[in-house]
Each structure stands twice: as C-alpha cells, then as structure tokens.
Amino acid sequence: GAVVSQHPSWVICKSGTSVKIECRSLDFQATTMFWYRQFPKQSLMLMATSNEGSKATYEQGVEKDKFLINHASLTLSTLTVTSAHPEDSSFYICSVREEPQETQYFGPGTRLLVL
Amino acid sequence: GEDVEQSLFLSVREGDSSVINCTYTDSSSTYLYWYKQEPGAGLQLLTYIFSNMDMKQDQRLTVLLNKKDKHLSLRIADTQTGDSAIYFCAERPGGYQKVTFGTGTKLQVIP
C-alpha cells in the first residue's frame, strides 16, 4: 500500500499564530489528497479535497480562509491553519487515494494543540 | 446524506473471534473499507470489499457484506492483544471521491 508521511507529528502553538502541516505521498504521485480532522473519541470528518494544480474543494462548514490548502506537486500537499485558536486543537490526518485500486491510505496524523 | 453506524465498544478474550458490525444507508455505496486506528496514530487500511462481493477473506480477517440489509461486518479470528484498537468502517459511492466514516468501534482484547 501507499506510504504517506506527515510533518510535524505534533505541534503546540500560541493562539493567533499560523501552523503549516505537510503531507507527502512517498511512493506514488497523487493528484488528489484529502484532509481530515478528528476530535477525541470521534470519527474522521473530511475537511477538504486537495487537487494538484487547482483549488481545493472544501466541505460545508469548513472555512477556506481559515484552513489554507496548497497542493503544489504530485507528492506534497500542505494545510495551513491560520490564526489558530484553542478550538482548532485537533488531530489532523491526510490521505491519498491510490489508483486504480481505489484504496485510500492515511498519514500518521498531526496533533495540534493551540494554547 | 450518508450515514454509517457502528457499535461503540466490543470486548473479547484473547484467542476468541471478534465480530465488528457496521450499517450504512447509502445504497449506491460501491467501495466499503475497514480501517484500524491505534492510539495516537493514523488509520491503517485493513481490507476493503466491492459491493458486488459477498465475502472477502484475508488471513485472520473475514469481511461479510449483506447488500440487501446494508450491513458490513469484520471478523477477526484468534484475536490477539495487538488487535486492541479502534476499527472504522467506511463507504464510498462509485464515481465520488468522498469517503464517509463510521463512528468507530473500540475493540478491547482481554488477555
């Protein structure tokens, strides 16, 4: 299966700062990557679909100016949480979909804590 | 919208079989997945099944699909302590990119 990495694995920041999370597909080129958010003891919620070379598609209720997504290459997508607040504290997980098997593989996640 | 539901908790003794159940509402679901999440980690794809299949077996894992009842199950044979984790089922309609995840079932294996 696909190997997906995320960096950093965890980050603590002050309220009002911006945090960038990287997601890399290590062994194949991914035209589409997905960003999820998971609160403690809850399921994954899709935030946005990241498309290489074009704008991301955001799910309803997700602020695109708050969560900036850049998919500049076929192996890298970044999620920037701008002006982070304590309520943005969560576990952020990226995912890539491998074709043609249609299987989806996940990164190890990034835990964000905003003080 | 799509809805995927699972029981929240399952406890089994080491060596027994575990059966984790999942129900979904979207009749157009084409791809159905089972993922495992260990504490503080991302999701690991365990197995998947296409909607035109009834069963899929992969070593200790057996997936059963009842498309009529929209019911999916994951059976883990000879459950080990290392199987303790949260298990998510997920579904995706054909032609769509969005995957909908279930609520997750926490499996506790008692030594």
Side-chain angles (χ1 to χ4, degrees), chain A residues 1-7 9-10 21 23-26 30-52 54 56-62 71 90-113, chain B residues 1-9 20 22-26 28-53 56 58-59 61 63 85-108:
Chain A
V3 179
V4 183
S5 72
Q6 282 184 240
H7 177 79
S9 56
W10 59 270
I21 303 169
C23 175
R24 292 184 185 273
S25 175
L26 298 181
T31 55
T32 305
M33 293 186 179
F34 306 89
W35 286 97
Y36 292 84
R37 183 174 180 176
Q38 185 182 33
F39 290 105
K41 298 183 180 180
Q42 293 190 24
S43 188
L44 278 73
M45 297 300 297
L46 179 64
M47 299 174 66
T49 302
S50 168
N51 304 295
E52 189 267 335
S54 64
T57 304
Y58 289 82
E59 294 298 303
Q60 192 173 7
V62 178
H71 193 155
S90 189
F91 193 48
Y92 292 88
I93 310 175
C94 73
S95 170
V96 303
R97 194 175 76 199
E98 187 174 31
E99 306 287 353
Q101 301 92 325
E102 304 272 5
T103 50
Q104 197 161 328
Y105 296 93
F106 288 80
T110 297
R111 191 164 300 282
L112 170 64
L113 176 61
Chain B
E2 306 87 358
D3 195 19
V4 183
E5 298 207 353
Q6 302 174 236
S7 53
L8 291 179
F9 188 76
I20 303 171
C22 171
T23 58
Y24 58 97
T25 58
D26 190 346
S28 64
S29 297
T30 300
Y31 307 94
L32 297 128
Y33 311 89
W34 281 105
Y35 287 89
K36 176 184 180 182
Q37 185 180 34
E38 297 187 27
L43 273 69
Q44 174 193 355
L45 177 65
L46 290 177
T47 187
Y48 62 95
I49 190 169
F50 298 114
S51 60
N52 60 359
M53 300 166 65
K56 181 179 181 181
D58 184 2
Q59 299 181 345
L61 305 178
V63 178
I86 298 176
Y87 291 81
F88 291 95
C89 69
E91 62 88 18
R92 181 168 77 86
Y96 290 89
Q97 301 199 55
K98 182 178 178 179
V99 174
T100 300
F101 285 85
T103 47
T105 299
K106 184 173 183 177
L107 174 64
Q108 179 188 49

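Just so we're clear, the structure is a prediction, and the values are computed from it rather than from any experiment. All chains are named by letter (A, B, ...) in the order of the sequence lines, taking the proteins before the strands, and each is independently numbered beginning at 1.
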Taking atom NZ of B/Lys106 as the centre, report whether more than 12 heavy atoms of other residues, nucleotides or ligands fall under 6.0 Å from it.
no
Say whether, by atom type as modelled, one donor and one acceptor occur between the side chain of A/Ser43 and the main chain of B/Gly102 under 3.5 angstrom.
yes
If you measure from OH on B/Tyr35 to CD on A/Gln104, what distance do you get to the nearest 0.5 Å?
5.0 Å
Given the rule in the ring-ring contact (aromatic ring centres under 6.0 Å, His included) test, do A/Phe106 and B/Tyr33 qualify, once you have shown the distances and angles that lead to the verdict?
CA-CA 13 Å; A/Phe106 288 80; B/Tyr33 311 89; 9.1 Å; no
Select, from A/Val4, A/Thr57, A/Leu44, the one with the greatest count of heavy-atom pairs under 4.5 Å involving chain B.
A/Leu44
Answer yes if the ring centres of B/Phe88 and A/Tyr36 are under 6.0 angstrom apart, and no otherwise.
no
The test is side chain to side chain contact (heavy atoms under 4.5 Å, CB included); show your working for A/Phe91 and B/Gln37 and say whether it passes.
CA-CA 13 Å; A/Phe91 193 48; B/Gln37 185 180 34; 3.8 Å; yes
Side chain from CB out, backbone as N, CA, C, O: work out which of these in A/Glu59 comes under 4.5 Å of a heavy atom of chain B, or both, or neither.
side chain
Report which part of B/Leu43 has an atom under 4.5 Å of a heavy atom belonging to chain A: side chain, backbone, both, or neither.
both
